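Taking it in order: structure first as structure tokens, then the write-up.
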4 protein chains.
Amino acid sequence: MDTERVERQARRHRTPGSPTPPAGSETPARGRPRSEAVEQAIVEGVVELLEKGVPLTELSIERIARTAGVGKATIYRRWSGKEELFVEVLRSMEAPDPELPGTSMRDDLVCLLEHLRRRGLSMRRSVLLHNVFAQMKTLPRLWDAYHEIVIDPRRRVMHEVLRRGVADGELPAGTDIELASDLVTGPMLLRSIMRDDQPLAEDLAAQIVDLALAGLRTGPDSRM
Amino acid sequence: MDTERVERQARRHRTPGSPTPPAGSETPARGRPRSEAVEQAIVEGVVELLEKGVPLTELSIERIARTAGVGKATIYRRWSGKEELFVEVLRSMEAPDPELPGTSMRDDLVCLLEHLRRRGLSMRRSVLLHNVFAQMKTLPRLWDAYHEIVIDPRRRVMHEVLRRGVADGELPAGTDIELASDLVTGPMLLRSIMRDDQPLAEDLAAQIVDLALAGLRTGPDSRM
Amino acid sequence: MDTERVERQARRHRTPGSPTPPAGSETPARGRPRSEAVEQAIVEGVVELLEKGVPLTELSIERIARTAGVGKATIYRRWSGKEELFVEVLRSMEAPDPELPGTSMRDDLVCLLEHLRRRGLSMRRSVLLHNVFAQMKTLPRLWDAYHEIVIDPRRRVMHEVLRRGVADGELPAGTDIELASDLVTGPMLLRSIMRDDQPLAEDLAAQIVDLALAGLRTGPDSRM
Amino acid sequence: MDTERVERQARRHRTPGSPTPPAGSETPARGRPRSEAVEQAIVEGVVELLEKGVPLTELSIERIARTAGVGKATIYRRWSGKEELFVEVLRSMEAPDPELPGTSMRDDLVCLLEHLRRRGLSMRRSVLLHNVFAQMKTLPRLWDAYHEIVIDPRRRVMHEVLRRGVADGELPAGTDIELASDLVTGPMLLRSIMRDDQPLAEDLAAQIVDLALAGLRTGPDSRM
DNA sequence: TAATAATCGAGACGGTACGTCGCGTCTTCTG
DNA sequence: CAGAAGACGCGACGTACCGTCTCGATTATTA
């Protein structure tokens, strides 16, 4: 009866994209299942702290655990560290996908940029994502996850809109979709990230789109 | 156990921009003067570590001191913490101002953007500023200093170029200089920061400038 | 998050001396009965670990459970903690009572002391009781149980032997039985516990008994 | 200036027997010296806790640090763990060497045993050494140190006394000094350790010595 | 030529957080 | 019900840095 398990079976953290296993029950699920409520308490605790203005540097795992009334191990059981936890937090805060008006490519682009502007605004208001975003490049896994979950889907939508623009004749054939996408997205990003002392004007999205469509040489007044 | 802490006078750190006191000797300067060599050793030590690929998170003051063969107090005597030290490092690494060709506004813009592209490239190559930039928003003083020293001067130059473009008739009168500036800068920033998996094409600066000048509706082929 | 802890009825553990309820079934005994095999597996697992040289400090309940391939709760269902479990282990390892030759008080004493010597030897050989004994005083219930089960019975036997010695004229009337008992037992104990670097000579029991009987002033040579 | 020390120089803890280096200054003593006061505060804190009746199991390093108002690292800087710290505590509590009357071997033996009896008493009174001693065998370094510092010196004194007894004719020539020593020491040890429910009689030392000298067959009344 | 004073490397100091482990209790599913 | 499995709140482990504080030794200026 010498069963002493040596390899404690590598800890399995939740896969970023799938909170609950889809359908085919992979393992029979032995032992007491992890509490959903605890999961929520932790993530919500982090959000509360961030909204209270606590700087990200002071967001120790120990403090998070204390706030949520939870043992440290319970956090480490789910996420391998701050990074992975923040991915969860980020996901839980992301606004739902914008619904495109579909009236014209131009209007769709304005809508997408407006969504970006709103995210920029909320980053400043709540102090929240401001810092999470700021640190993201230091936390490579978080960066990757954010790309996968947030950035890439939006980008794909914008590419689709632009491709439709080419098909509808709103853009010339042979347009570099990637570059076009970055031409309209870049300025909004710059305003959000680098100019955090200035407000983001209400009609900024429209301004950028119209200027990008018409070109500097012509100016936005040439729009139909 | 010697509990009575005497409140010492606040330590005075060097002002960021002036390594040596200007001229009028404020204090008679008694005692052993600070060693220039030590100053250099610390900053160079940080640069070496960053170039060796050490993540910024592992750049503890203790490790920096060890690397430079220097006491911790010697660092704190000069800078109040990591933030202020990094400002110094940042300044010591910035490439010299680009010299504008002056042949046309378009060429000047391309030149400025090319400078930005090169910075983006070096951030990736050396792993260096990559992380420093990434963390910068978490370190507000570093962020401010970087703005003051690096971003703002470049921005002022670009604004000047654009204003000259309006004066020369290359741009329509009434052009929003700020917005125009961001329209060309934004895309390059986006490529540098958000697309760190893709290369920055040799002629990217020209591509962006030409597309921004002509506008999406027209496409870059309309250039002279 | 389910904070209201309900005060459950105190768990009832088995009485140390009676592994199975005597006869009159106190409770109707509903549900699945406790497995004897499990009981054995746990105790044997502990013994194995101890004999493998695992220090008592590293004998966590968690590890014991792992070794025996048993859930932690299953252990706590039987014993209230390490202490009570160790009593069980101790009992399962004690050598059977020595049989006295009865030829003389002196020979009986030697026999009893030889038993003690053997226990001392086995403590060293198997690394086993060595540590259990060592920690016993920290675990008061274990200490008490050990007294009750092991020490006291032996002591009573020795007292009996000595009393017979007085009756038979081998010892003077008015001999302090307690003190006499300790005079012969003490040295062997000391050698076993305090001199674990030295061997326990084959004839040590005889040496001690003879010296104690004759007295230091006379020396053991005076024996018949 | 690539000095980065890799091997942090193995931590040196104090040698058990020599609190301060004898004379020849081995190393020039660089950096801030360790505070004597802190050392004292820690050891005294442990003693206080033990005397307050805190069980040894609850004597975590963390609690000791808290009690002494000291950082954990400060403790680990001096001792490698609980074991070595307890050696210090033990030494700080040991009564000074007994002064032998020298009137006779018998009186010297009584004096030595009386010293042992007093230690036994203090172990019970203060709850102190009781547990420390109990755990000692689990903590091998502590056990070794206790031997070296406390047991062995006393034993050597007793052996000396006995040898003098042989020389003076109080004991027969050819007496086994080791065995004789254990014959008188053993019973006192047994009473101290194994019979912690009974008091240690005032004249127990004399009783044991006299009985051991005269022998059980004769009884203590035969003494001069 | 001293006396004075700030600097230097080194490292002790009280803290806080790290990520792990064991405690004893609980909650799930399977026999 | 018992049993294996493992989640749970808790608290200690030993380590790493934080920013401050002594140390002895060094290096200028001032008297």
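Below, chains carry the letters A, B, ... as their sequence lines are ordered, and counting in each starts from 1. Computed from a predicted structure; not experimentally measured.
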Notebook entry, point to check: Counting only N and O atoms by type, is there a donor-acceptor contact under 3.5 Å from the side chain of D:R77 to the main-chain atoms of D:R34?
Noted result: no
Item checked: Closest nucleotide among F:dG9, F:dG14, E:dA12 to the D:Y76 side chain -> F:dG14
Next item on the list: Looking only at side-chain atoms of B:R66, point me to the closest of F:dC17, E:dG19, E:dT28.
Entry: F:dC17
Checklist line | Nucleotide nearest D:E62 when distance is taken to its side chain, options F:dG3, F:dA12, F:dC8 | finding: F:dA12
Item checked: hbond_proxy A:R32 side chain to F:dA7 base (donor-acceptor, 3.5 Å cutoff) -> yes
Item checked: d(NZ, D:K72; C1', F:dA12) in whole Å -> 7 Å
Next item on the list: Give a yes or no on whether a donor-acceptor pair under 3.5 Å exists between the nucleobase atoms of E:dC29, that is its base, and the side chain of A:R30.
Entry: no
Check: Given atom CG of C:L59 and atom C1' of E:dC21, what is their separation to the nearest angstrom?
Finding: 15 Å
Item checked: Nearest-neighbour nucleotide for the A:A73 side chain, E:dG19, E:dG9, F:dC10 considered -> F:dC10
Next item on the list: Taking C:T67 for its side chain and C:R63 for its backbone only, find out whether a donor-acceptor pair lies under 3.5 Å.
Entry: yes
Note to self: Taking the minimum atom-to-atom distance to the side chain of D:P33, which one of E:dT28, F:dG3, F:dC23 wins?
What the structure shows: F:dC23
Next item on the list: Give, for atom OG of B:S60 and atom CZ of B:R66, the distance between the pair rounded to the nearest 0.5 Å.
Entry: 6.0 Å
Notebook entry, point to check: Between F:dC8, E:dG19, F:dG9, which nucleotide gets closest to the side-chain atoms of A:V70?
Noted result: F:dG9
Notebook entry, point to check: So which nucleotide from E:dC13, E:dA17, F:dC18 ends up closest to the side chain of D:R78?
Noted result: E:dC13
Check: Relative to the 5' end of DNA chain E, which residue comes earlier, C:E58 or D:G31, by the nucleotide with the nearest heavy atom?
Finding: D:G31
